[in-house]
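To keep things clear, I will list the structure first and then write my remarks on it.
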Amino acid sequence: MYWLVSLPLSDGATERTWSRLQELTTYTNDYSVNFKFQLPEFRVGTLDSLLALSDDLVKVNAAVEGTVNKVRRQLFDLQAQLPVDERADVWVEGMTPEGYLQRFAWNEAKYPARRPLKDTVAAITDTVQKMDDDLKLKSTELSQLRTQLQAQSRKQAGSLAVRDLSDLVRPEQVVDTENLTTLLVVVSKTARGDWLQTYEKLSDFVVPRSTNVVAEDQDYVVFTVVLFKRVVDNFKTSARQKGFQVKEYNHDTEAQQRSNEASDAMRADAESKRAALEQWCINSYGEAFSSWIHVTAVRLFVESILRYGLPPQFLAALMRPNPKTVPKLRKVMAGNFGAVGGEHFTSEGGSEDMFPYVSFTINVEA
């Protein structure tokens, strides 16, 4: 966890304010590790435009941060089955996310500082929104393909109540003549005895003692039964009334081969899409994270102008607080840097705490 803060200058001197921050929070007390956070000379605009942008930035920041976290979680989910040492790391412009944050430098080529801040925020918003849309599309495609694979897997290797039974039956177990046919009947194991006692009576023209077990699992048994073709419909009706599931045997070697080939192709497609989405997440995370920090930098500047006034006279700093001393650190910060400025207090957003200096929390997911 990091805090991105702006503090009023002591006697108008940036270095003096930085030294004071270091003395109070790092040298005298082990409250935080601090880093300078460099902001360019932004185009300020009017007070009304800054107030409007301040409101917009709360929503934009939440949306961009949300996309960063979605990309990171998607990548984590894709690599969840891999050993930890085989999972890909995420990078932001060749640095770890924390390294990029600690060494942040405004991307002037991409976001000219003298361009209106509203335009810069709009450009970042468009980029991240497209990224969010791409993630939804790619993850939905993969999810749908995996759902189809699961359905195919259940059909081929699931419970006997739902899977295809044709590949379980040997040719010698089937009688198929001009008048006779063989049906497959799925029976719950608890109803096994009932089946054996009643199957010959479910219809006329059932061949006596023609039932045999062809497969069974933990819950079901599959029987064959031989009967005249003309009574198949009557037999099915009677069987269903007793809770037996009747399936006609229809073994087509070529169809089975086509089905297997289709399943193999679907698995290959799913793995290809998974690998492509994984690589997309690795590439896109850096762009999303960089966009987030740029939005937060703009937000810090806007809130600092509204808090401390013009011309811009504040120190921007990144702080990594010691989790054990957060309340003490907040007290020190408020007591030493909270007495200057107007009545415009800055909150983290929503119902979070408000501070007499500008402060935003940045959580970098591991």
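What you see below is based on every heavy atom in this structure, not just the backbone, and it leaves out hydrogens, waters and symmetry mates. These numbers were taken from a predicted model, which means no experiment stands behind them.
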Residue pair Leu21 / Met319, side-chain heavy-atom distance below 4.5 Å: yes
Co-members of Phe244 in a cluster of I, L, V, M, F, W and Y side chains, linked at under 4.5 Å: Val175, Leu180, Leu183, Val185, Val187, Trp195, Leu196, Tyr199, Leu202, Phe205, Val206, Val207, Val213, Val221, Phe223, Val225, Val226, Leu227, Phe228, Val231, Val232, Phe235, Val246
Contacts of type side chain to side chain donor-acceptor pair (under 3.5 Å), residue Glu278, not counting sequence neighbours: Gln79, Arg274
Presence of salt bridge, Arg73 and Asp77, under 4.0 angstrom: no
Any donor-acceptor pair under 3.5 Å from Ser290 side chain to Gly286 backbone: no
Arg240 side chain reached by Gln245 side chain, heavy atoms, under 4.5 Å: no
Basic-acidic side-chain contact under 4.0 Å: Arg192, Glu216: yes
Lys/Arg N to Asp/Glu carboxylate O, Lys236 vs Glu248, below 4.0 Å: yes
Lys/Arg N to Asp/Glu carboxylate O, Lys130 vs Asp134, below 4.0 Å: yes
Arg114/Glu108 salt bridge by N-O under 4.0 Å criterion: no
Any residue meeting side chain to side chain donor-acceptor pair (under 3.5 Å) with Asp269, in chain and number order, not counting sequence neighbours: Lys273
For residues 36-46, tabulate all N or O donor-acceptor pairs below 3.5 Å that involve a side-chain atom, not counting sequence neighbours.
from	atom 1	to	atom 2	distance (Å)
Lys36	NZ	Glu15	OE1	3.3
Lys36	NZ	Glu15	OE2	2.6
Thr46	OG1	Ser49	N	3.1
Thr46	OG1	Ser49	OG	3.2

Of all pairs that satisfy salt bridge (Lys or Arg N to Asp or Glu O under 4.0 Å), the ones with a partner from residues 23-34, not counting sequence neighbours: none
Heavy-atom pair of closest approach, residues Pro97 and Tyr285: CG-CE2, 3.7 Å
Geometric class of the Tyr100/Phe104 ring pair [parallel <30°, tilted 30-60°, perpendicular >60°]: perpendicular
Distance, nearest 0.5 Å, that separates OG1 of Thr140 from CG of Leu135: 8.5 Å
Under the salt bridge (charged side-chain N to carboxylate O under 4.0 Å, His left out) test, residues paired with Asp219 that sit two or more places apart: none
Test side chain to side chain donor-acceptor pair (under 3.5 Å) applied to Arg299 and Ser54, step by step: CA-CA 7 Å; Arg299 192 179 176 203; Ser54 173; over 6 Å; no
Basic-acidic side-chain contact under 4.0 Å: Lys229, Asp176: yes
